[in-house]
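Naming: A, B, ... by sequence-line order, numbering from 1 per chain. Note that these values count all heavy atoms, side chains included, but never hydrogens, waters or copies made by symmetry.
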2 protein chains.
Amino acid sequence: MAELDKFDYRLLELLQENSRMTGNELADKVGLSSAACLRRVQRLRETGVIERDVAVVSPKVFGKRMMVIVLLTMERDRPDRYILMREEFAKMPEVVQCHHVTGAHDFVLRIQVSDMEEYSAFVERVFHEPYIKRYESLAVLGSLK
Amino acid sequence: MAELDKFDYRLLELLQENSRMTGNELADKVGLSSAACLRRVQRLRETGVIERDVAVVSPKVFGKRMMVIVLLTMERDRPDRYILMREEFAKMPEVVQCHHVTGAHDFVLRIQVSDMEEYSAFVERVFHEPYIKRYESLAVLGSLK
DNA sequence: AAATTCGTGCGAGATTTTCGCAAAAATTCT
DNA sequence: AGAATTTTTGCGAAAATCTCGCACGAATTT
């Protein structure tokens with residue numbers, strides 16, 4: 001993708017907030033015609049600046065009321081496990097997010113479950129492995145953004 | 001919202017993956033008519049099951065190449081600071097996500113910046129406050145989901 | 001078993017997006 | 001600088017998509 005100008009940035013800003021905005025709505029806020037806005041958005045999608053569009057589903061209504069952040073530390077002698085780990089996490093529906101990090105821990109996971117029972121089962125199943133040295137669970141009380 | 005049936009769950013699953021799917025595409029995958037799908041989706045939005053729709057913008061192209069997770073510990077004697085804190089975090093563009101948690105730390109932040117310099121400036125500006133006891137920065141090497 | 005409620009498919013009408021075109025604006029070349 | 005080229009714009013028509021009223025069928029209530 002070439003360069004993004006101020007119009008593109010404004011469009012991205014708006015669509016990050018609400019991706020269902022119509023061409024006319026965008027036109028109003030951006031100061032271009034509807035067609036011009038939509039053409040630009042189309043291009044942003046094609047070139048991968050906009051990777052995808054997703055619906056944000058309320059965790060509550062979805063029955064997943066509990067969110068936990070886990071700091072994971074692996075045994076230092078099994079670096080091969082990292083890639084396998086990531087792939088497995090990607091498949092687990094409980095794992096909403098997974099970051100591989102530097103520092104005192106190796107992974108930061110965001111876990112979404114229905115209740116404590118489900119979380120216990122998850123921990124039992126996933127974290128009680130020989131190559132996992134230690135994990136720290138932080139229950140989320142509230143979130144922004 | 002009353003109860004969600006298997007059609008609703010399937011629709012949510014699909015729209016979480018790609019919220020730009022058309023009525024016909026949904027109809028194919030779900031096994032209802034286009035109109036029925038769109039009516040259901042409309043209802044899911046109205047009742048708040050679908051909270052919002054957002055465009056996912058590539059952090060790379062957006063120039064924010066660096067992601068850091070911060071574990072924040074506040075001084076125990078300033079519980080009033082928590083609400084203020086959250087409100088301030090909500091306004092900062094660098095703060096992509098903010099969770100208030102229990103355990104050894106109080107907040108888990110996900111920070112998105114261009115480079116180390118910008119991160120340093122952010123840390124300096126935000127974390128060097130008397131009511132912040134300690135912070136731990138985890139640079140993100142890679143992420144899933 | 002009739003009445004009510006609820007969700008469906010169909011199809012018309014409304015809205016939104018896409019696309020071709022000519023003109024304007026920006027960029028490159030001489 | 002000024003001509004030539006490329007890019008992007010706005011307009012408007014055509015295509016695609018969504019919304020909504022309607023009649024019907026299934027499930028639930030009375």
Side-chain angles (χ1 to χ4, degrees), chain A residues 1-65 93 96 112 114 145, chain B residues 1-65 93 96 112 114 145:
Chain A
M1 178 93 188
E3 246 344 276
L4 303 182
D5 62 15
K6 62 167 184 169
F7 291 120
D8 292 318
Y9 281 114
R10 184 87 184 96
L11 287 169
L12 289 174
E13 213 175 286
L14 291 167
L15 292 175
Q16 273 182 300
E17 199 62 38
N18 171 17
S19 64
R20 301 189 69 238
M21 224 170 251
T22 68
N24 281 325
E25 290 173 317
L26 293 172
D28 277 352
K29 309 221 173 197
V30 168
L32 287 176
S33 73
S34 166
C37 288
L38 291 171
R39 243 181 330 239
R40 290 173 92 111
V41 173
Q42 200 173 31
R43 211 159 82 91
L44 290 169
R45 284 195 229 278
E46 280 165 6
T47 55
V49 175
I50 294 176
E51 292 177 347
R52 53 209 280 256
D53 290 78
V54 299
V56 178
V57 175
S58 161
K60 278 184 200 156
V61 185
F62 209 64
K64 303 288 188 178
R65 291 190 181 73
V96 180
Q112 195 108 282
S114 303
K145 308 201 178 179
Chain B
M1 177 93 190
E3 246 341 274
L4 303 182
D5 62 15
K6 61 167 185 168
F7 291 121
D8 293 317
Y9 281 113
R10 185 85 183 97
L11 287 169
L12 289 174
E13 214 174 286
L14 291 167
L15 292 175
Q16 273 182 300
E17 200 61 38
N18 172 17
S19 65
R20 300 189 71 238
M21 223 170 253
T22 68
N24 281 326
E25 289 173 317
L26 292 172
D28 276 352
K29 308 222 174 200
V30 167
L32 287 175
S33 73
S34 166
C37 288
L38 291 172
R39 249 185 322 244
R40 279 168 176 265
V41 173
Q42 200 172 31
R43 210 160 80 92
L44 289 169
R45 285 195 227 278
E46 280 165 6
T47 55
V49 175
I50 294 176
E51 293 177 345
R52 54 209 279 257
D53 291 77
V54 299
V56 178
V57 175
S58 161
K60 278 184 203 160
V61 186
F62 207 64
K64 302 288 190 181
R65 292 190 186 73
V96 180
Q112 195 108 279
S114 302
K145 308 199 179 183

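- Distance, Arg40(B) CZ to dT19(D) P: 16 Å, rounded to whole Å.
- A heavy atom closer than 4.0 Å to some atom of DNA chain C occurs in Leu32(B), Ser33(B), Ala35(B), Ala36(B), Arg39(B), these being the qualifying members of residues 13-39 of chain B.
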Review item, side-chain donor-acceptor pairs of residues 27-39 of chain B, under 3.5 Å, at least two apart:
residue: Ser33(B); atom: OG; partner: Ala36(B); partner atom: N; Å: 3.1

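- For the pair Leu44(B) and Leu4(B), the minimum side-chain heavy-atom distance is below 4.5 Å.
- Across the protein-nucleic acid pair, Arg43(B) atom CZ and dC18(D) atom P stand 19 Å apart, rounded to whole Å.
- Minimum interatomic distance between Gly48(A) and Ser58(B) (heavy atoms only, all atoms of both residues): O-CB, 3.6 Å.
- End-to-end axis angle of the helix from dA1(C)-dT30(D) to dT30(C)-dA1(D), from C1' rotation axes over five pairs per end: 40° (rounded to 10 degrees).
- Taking the 5' to 3' direction, DNA chain C first and last meets chain B under 4.0 angstrom from a heavy atom at dG7(C) to dG11(C).
- Expressed to the nearest 0.5 Å, how far CG of Asp5(A) lies from CZ of Arg40(A) amounts to 4.0 Å.
- Here the CZ-CD distance, from Arg43(A) to Glu46(A), works out to 8.5 Å after rounding to the nearest 0.5 Å.
- With sequence neighbours left out, the side-chain hydrogen bond (donor to acceptor under 3.5 Å, both in side chains) criterion links Glu13(B) to Arg10(B).
- A straight line from CZ of Phe7(B) to P of dA27(D) spans 12 Å, rounded to a whole angstrom.
- Partners of Arg20(B) by side-chain hydrogen bond (donor to acceptor under 3.5 Å, both in side chains), not counting sequence neighbours: none found.
- Comment: Asp53(B) engages Arg45(B) in a salt bridge, judged by a side-chain N to carboxylate O separation of less than 4.0 angstrom.
- Counting heavy atoms from C-beta outward, Arg52(B) and Asn18(A) have side chains that stay 4.5 Å or more apart.
- Going from atom CG of Leu26(B) over to atom CG of Leu14(B) covers 6.0 Å, rounded to the nearest 0.5 Å.
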